[in-house]
Student: 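My structure is below; once you've seen it, I'll send some questions.
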Amino acid sequence: MSYRVPFIDPREHYRRIKGEIDFAITDTLSKGDLVLRQQLRDFEQHLADFVGVKYAVGVNSCYHALHFSLLAAGVGPGDEVITVGHTFVATVSAIVHTGAKPVLVDVREDYNLDPDKFEDAVTPRTKAVIPVHLNGRVCEMDRIASIAEKRGIAVIEDAAQALGATFHGKGAGSFGLSGCFSFYPFKSLGGLGDGGAVTTNDPKIARFATLVRFNGEDRQTGEFHHHGYTALLDNVQAAVLGVKLHYLPKWIEHRRKIAGLYREGLEGIKSLRLPHFLGDEYFDSYQNYVIRTKQRNGLRQYLKDQGVETLVHWPKPMWEHTDLGLENPGLPETESICREVISLPMSAETTPEHVEIAVGCISDFFASHSAALRTASAD
Ligand SMILES: *Cc1c(COP(=O)(O)O)cnc(C)c1O
């Protein structure tokens, strides 16, 4: 079906910068630059500068960025890695595939790792922690980093949703041993398919990722140093991402403006919790605009009927996908978030008119819902 207000609009996204994208692709193809060429090196340098680190290494997904970062930190069988229960499954799969045990803890109101819960979960086996900067908001990295440092734990940031977000002026992906990014098409910096990067200030981590993404081979010497993987960021992708990176600051400003419009339109509705959290030290990039209500399922159906497309990240806790074989860690906040959240349309192409339509529908839903409740209680 076609929506009046799409969640995202990849065709419109392409249309607006088609000239530059098409040029980047044909230029790269005409030069025959397919693998590990200048376009990749240029993009990696620009990305590192943007994040505020020395090195960025392009890989084919955030999943691989996470997996390689964990391997680089020496994580393996017998170790524990702490992360949040409220994240995309890839964060946890990366841990599982190292042979380590994922230890899932609860999040705070802002959907991010609770530093106290992290500290409580530390054991002598804890080797790493993966704070996930969800929805474009950085975790409370000063506290997380100081707990980790005290206990000798590596910090690997899952920054898949937070490129361009900052905390005390420092970019997501620049706090830990490494930062892991995703260029999946529907992230704020989206490529033509899967893509990702590792960011780091540590030359050993950068070299490790550079080797293992390409079968463990040192391209200068031809020597194979690891049993590696086949996980490059393709050169054409890098060329396109390089074009888009120039637009990213403008796109983030746009997302913040759209978030502000949602706030103006929705803050009067008592049954809703909006994603505007305290703290001047945070600069949120609004990868997603997530609202919370006990009437989530009803609201979602109503919006769908009205032509407003929404998503739910995520409708059930990871451990309820029983084939994954994860223990139920008993995380009440994560469980209620799964029941209550709904992500509203949010992208660089979302317009004020889209917001007006969505806000109008949400207001109508709650107006008729509370009228129905009043009638019911008057009976
Ligand atoms: C998208 C996402 C990932 C995975 O990214 P891929 O590039 O698809 O591997 C990991 N963590 C979070 C929080 C994400 O949103």
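Values in this document were obtained by computation on a predicted structure and should not be read as measured data. Each ligand, and each atom within it, is numbered from 1 in the order the structure gives.
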Student: C62 versus ligand 1: do any nitrogen or oxygen atoms come within less than 3.5 Å of each other?
Tutor: yes
Student: Can a salt bridge be assigned to the pair R292 and E340 using a cut-off of 4.0 Å between side-chain N and carboxylate O?
Tutor: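 Between E340 and R292 there is a salt bridge, with a charged N closer than 4.0 Å to a carboxylate O.
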Student: In ligand 1, which numbered atoms sit nearer than 4.0 Å to a non-hydrogen atom of T87?
Tutor: 13 (C)
Student: Starting from atom 10 (C) of ligand 1, locate the nearest protein heavy atom and write down its residue, its atom name and how far away it is, to 0.1 Å.
Tutor: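 Protein heavy atom at minimum distance: D158 OD2, 3.6 Å.
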Student: With a cut-off of 4.0 Å, which atoms of ligand 1 are near a heavy atom of G195?
Tutor: 7 (O)
Student: For atom 9 (O) of ligand 1, which protein heavy atom lies nearest, and how many Å away is it?
Tutor: Y63 N, 2.9 Å
Student: How does S61 reach ligand 1, if at all, at less than 4.0 Å between non-hydrogen atoms: by side chain, backbone, both, or neither?
Tutor: both
Student: Which of the numbered atoms in ligand 1 are under 4.0 angstrom from any heavy atom belonging to V132?
Tutor: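 The list of qualifying atoms is 13 (C).
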Student: Could you find the nearest protein heavy atom to atom 7 (O) of ligand 1 and give me its residue, atom name and distance?
Tutor: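 For atom 7 (O) of ligand 1, the nearest protein heavy atom comes out as S182 OG, 2.7 Å.
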Student: Is K31 salt-bridged to D33, cutoff N-O under 4.0 Å?
Tutor: no
Student: Among H133, H276, R137, whose side-chain hydrogen bond (donor to acceptor under 3.5 Å, both in side chains) with D284 holds?
Tutor: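 Testing each of H133, H276, R137 against D284, the sole residue satisfying side-chain hydrogen bond (donor to acceptor under 3.5 Å, both in side chains) is R137.
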Student: For T91, take its heavy atoms, then give the atoms of ligand 1 lying under 4.0 Å from any of them.
Tutor: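 Per the distance check, 11 (N).
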Student: So does E353 pair up with R4, basic N to acidic O under 4.0 Å?
Tutor: no
Student: Would you mind checking which non-hydrogen protein atom is closest to atom 15 (O) of ligand 1, with the distance to 0.1 Å?
Tutor: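 Nearest neighbour among protein heavy atoms for atom 15 (O) of ligand 1, to 0.1 Å: K187 NZ, 2.6 Å.
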Student: Looking at E335 and K316, is any side-chain nitrogen of the basic one under 4.0 Å from a carboxylate oxygen of the acidic one?
Tutor: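 Between E335 and K316 there is no salt bridge, as every charged N stays at least 4.0 Å from the carboxylate O atoms.
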Student: Under the 6.0 Å and 45° cation-pi test, does R300 pair with F365?
Tutor: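 Because its charged atom misses either the 6.0 Å distance or the 45° angle limit, R300 does not stack over F365.
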Student: Test Q161 against Y286 for side-chain hydrogen bond (donor to acceptor under 3.5 Å, both in side chains), laying out the working first.
Tutor: CA-CA 8 Å; Q161 299 197 2; Y286 286 99; over 6 Å; no
